[in-house]
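Scroll down for the structure; my scribbles are underneath it.
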Number of protein chains: 2
Amino acid sequence: MPKPQAKPERKTRIQSQNEEIILDAALEVFSAYGYRGGTIDQIAARCGLSKPNLLYYFRRKDDIYKAVLERTLADWLEPLRSLDPAADPATELTRYISAKLDLTFGRPAASRLFANEILHGAPHVARFLKGPLKELVDAKALVIRRWVAEGKLRPVDATHFIFAIWAVTQHYADFAVQVEAIIGTPDRERVRRAVLDILLRGIIPGRG
Amino acid sequence: MPKPQAKPERKTRIQSQNEEIILDAALEVFSAYGYRGGTIDQIAARCGLSKPNLLYYFRRKDDIYKAVLERTLADWLEPLRSLDPAADPATELTRYISAKLDLTFGRPAASRLFANEILHGAPHVARFLKGPLKELVDAKALVIRRWVAEGKLRPVDATHFIFAIWAVTQHYADFAVQVEAIIGTPDRERVRRAVLDILLRGIIPGRG
DNA sequence: ACCGGACTTGACCATTTGATCAAGATTTAT
DNA sequence: ATAAATCTTGATCAAATGGTCAAGTCCGGT
């Protein structure tokens with residue numbers, strides 16, 4: 001007789017399956033309407049479950065929001081984390097910016113969810129910002145500063161350069177309707193070339 | 001005996017005064033919590049009026065929101081509009097970027113209000129985006145292209161360059177809590193130098 | 001086949017919130 | 001001073017919404 005599972009209760013097939021479709025629906029709803037603007041009813045309707053059923057898996061609206069937010073945070077850090085100090089700066093930065101753009105175009109809802117959270121004061125992720133994010137940025141800013149010191153990059157304010165990369169890349173998700181209103185549906189490859197050109201041309205030596 | 005005012009009824013002193021404080025309060029509330037997240041009660045409390053009194057001046061919540069949004073749109077276009085084709089590109093772009101940063105730091109709430117509106121699909125300003133904004137951007141992109149053709153700027157994708165300027169400058173308002181979490185309260189002049197360097201170093205000839 | 005636990009939901013509740021209204025207070029024009 | 005217009009608000013309403021519950025259905029292991 002196996003001792004009954006204690007705390008980390010094993011998840012049922014139905015359980016993990018439903019949690020997943022709920023979080024998928026919640027991402028769409030919250031990113032489109034904001035935390036307050038999105039309703040449990042909307043999420044339930046979108047994933048074909050009843051409202052009480054949603055609340056069987058997540059006891060409060062806040063729990064749904066936190067879960068969907070957390071699910072995106074890890075992916076958010078990943079591209080920057082993989083910036084390799086030992087490799088060629090131009091290659092690495094090109095790769096990083098391209099990866100960010102892939103996220104932007106591949107998962108715009110996630111970008112908008114995060115943007116909305118920050119925009120409204122980051123009530124749920126303040127700890128994340130001051131902890132893991134700050135540490136990662138500080139570390140990678142150091143990498144960039146070393147590249148500058150080694151003459152592999154023209155002098156640039158490392159931290160603000162990272163901010164610029166975030167701003168420009170995420171812009172195509174967060175402000176997508178504005179971009180679309182002005183140039184229509186953007187061509188990804190053209191965006192990529194333009195963004196790389198704008199951000200890198202100034203700091204890669206021997207390109208001017 | 002003067003004929004009674006017809007449609008554009010003259011505004012009372014009290015009326016224009018109260019409308020102003022209402023819109024000021026509404027800007028703070030809506031930019032902090034979003035359209036759906038901000039309540040009439042919050043706005044009323046912030047400006048010291050009763051809720052029915054607010055609704056005496058603006059019949060619906062939506063009217064308040066539209067009014068405060070419209071009040072910011074004009075100011076939003078102004079800096080770009082004043083980009084002078086006849087002047088020196090480096091000077092003009094420096095001035096434009098600086099003006100945008102002044103808006104960012106001087107009126108962060110307005111920036112966040114606008115960002116929130118776009119982020120959620122621009123339900124109230126779709127016409128503005130496709131009309132006045134697109135026209136202005138198209139016109140100014142032409143100016144930049146002419147500068148490029150005249151050899152006064154290195155080749156750059158004009159429209160995407162304008163997007164990059166918006167993205168990077170507004171980032172310091174829209175993502176202020178993230179910036180603050182990472183570097184603390186930013187020094188405006190340092191931000192200005194860093195942003196100008198990142199955005200312009202690559203495209204102004206003879207700087208590398 | 002059957003039993004216990006997991007899952008599902010219609011009905012319901014309490015609170016929040018946008019909006020109304022009638023009655024009273026204040027301002028303005030004469 | 002006084003009447004008309006403007007302004008103000010307590011009380012109240014209806015709808016939306018987060019959340020509960022009891023009662024039923026379904027699933028998995030034996």
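Reminder, nothing fancy here: chain letters follow the sequence lines and each chain counts from 1.
Closest approach of A/Ala26 to A/Ile64, counting heavy atoms only: CB-CG2, 3.5 Å.
A/Leu93 pairs with exactly one of A/Leu153, A/Leu199, A/Leu196 by the side-chain contact (heavy atoms from CB on, under 4.5 Å) rule, that one being A/Leu153.
Shown for residues 44-58 of chain A: residues whose heavy atoms fall under 4.0 angstrom of DNA chain D, namely A/Lys51, A/Pro52, A/Leu55. Proximity of residues 18-40 of chain B to DNA chain D (heavy atom under 4.0 angstrom from any strand atom) is restricted to B/Asn18, B/Arg36.
Atom-to-atom, CD of A/Gln15 to P of D/dC27 comes out at 16 Å; the value is rounded to the nearest Å. Atom CZ of B/Arg13 is separated from atom C1' of C/dT26 by 11 Å (rounded to the nearest Å). Atoms NZ (A/Lys11) and C1' (C/dC7) sit 16 Å apart, rounded to a whole Å. Taking atom CD on A/Gln42 and atom C1' on D/dG18, their separation rounds to 13 Å, with Å as the unit.
Contact check, A/Arg59 against D/dT20: no side-chain N or O comes under 4.0 Å of OP1 or OP2.
When each of A/Ser16 and B/Arg60 is assigned the nucleotide of DNA chain C bearing its nearest heavy atom, the one mapping closer to the 5' terminus is A/Ser16. Residue whose closest nucleotide on DNA chain D sits further toward the 5' end, between A/Asp41 and A/Thr12: A/Asp41.
A cation-pi arrangement, defined by a distance under 6.0 Å to the six-membered ring centre and an angle within 45 degrees of its axis, is absent between A/Lys140 and A/Tyr96.
You'll find that the side chain of A/Ile14 is closest to C/dT8, out of C/dA19, C/dT8, C/dA6.
Between the NZ atom of A/Lys134 and the CG atom of A/Leu136 there is a distance of 11.5 Å, given to the nearest 0.5 Å. Remark: B/Ile21 CD1 to B/Leu54 CG distance equals 8.5 Å, nearest 0.5 Å.
Not a single ring-ring contact (aromatic ring centres under 6.0 Å, His included) links B/Trp147 to another residue, sequence neighbours left out. A/Phe128 pairs by the ring-ring contact (aromatic ring centres under 6.0 Å, His included) definition with nothing, not counting sequence neighbours. Residues passing the side-chain hydrogen bond (donor to acceptor under 3.5 Å, both in side chains) test with B/Glu180, sequence neighbours excluded: B/Thr185.
Remark: A/Asp63 does not engage A/Arg59 in a salt bridge, criterion side-chain N to carboxylate O under 4.0 Å. Under a 4.0 Å N-O distance rule, the pair A/Arg190/B/Asp157 qualifies as a salt bridge. The pair A/Asp75-A/Arg107 counts as a salt bridge, with a side-chain nitrogen and a carboxylate oxygen less than 4.0 angstrom apart.
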N/O-N/O pairs, protein side and nucleotides 24-26 of chain D side, under 3.5 Å:
none

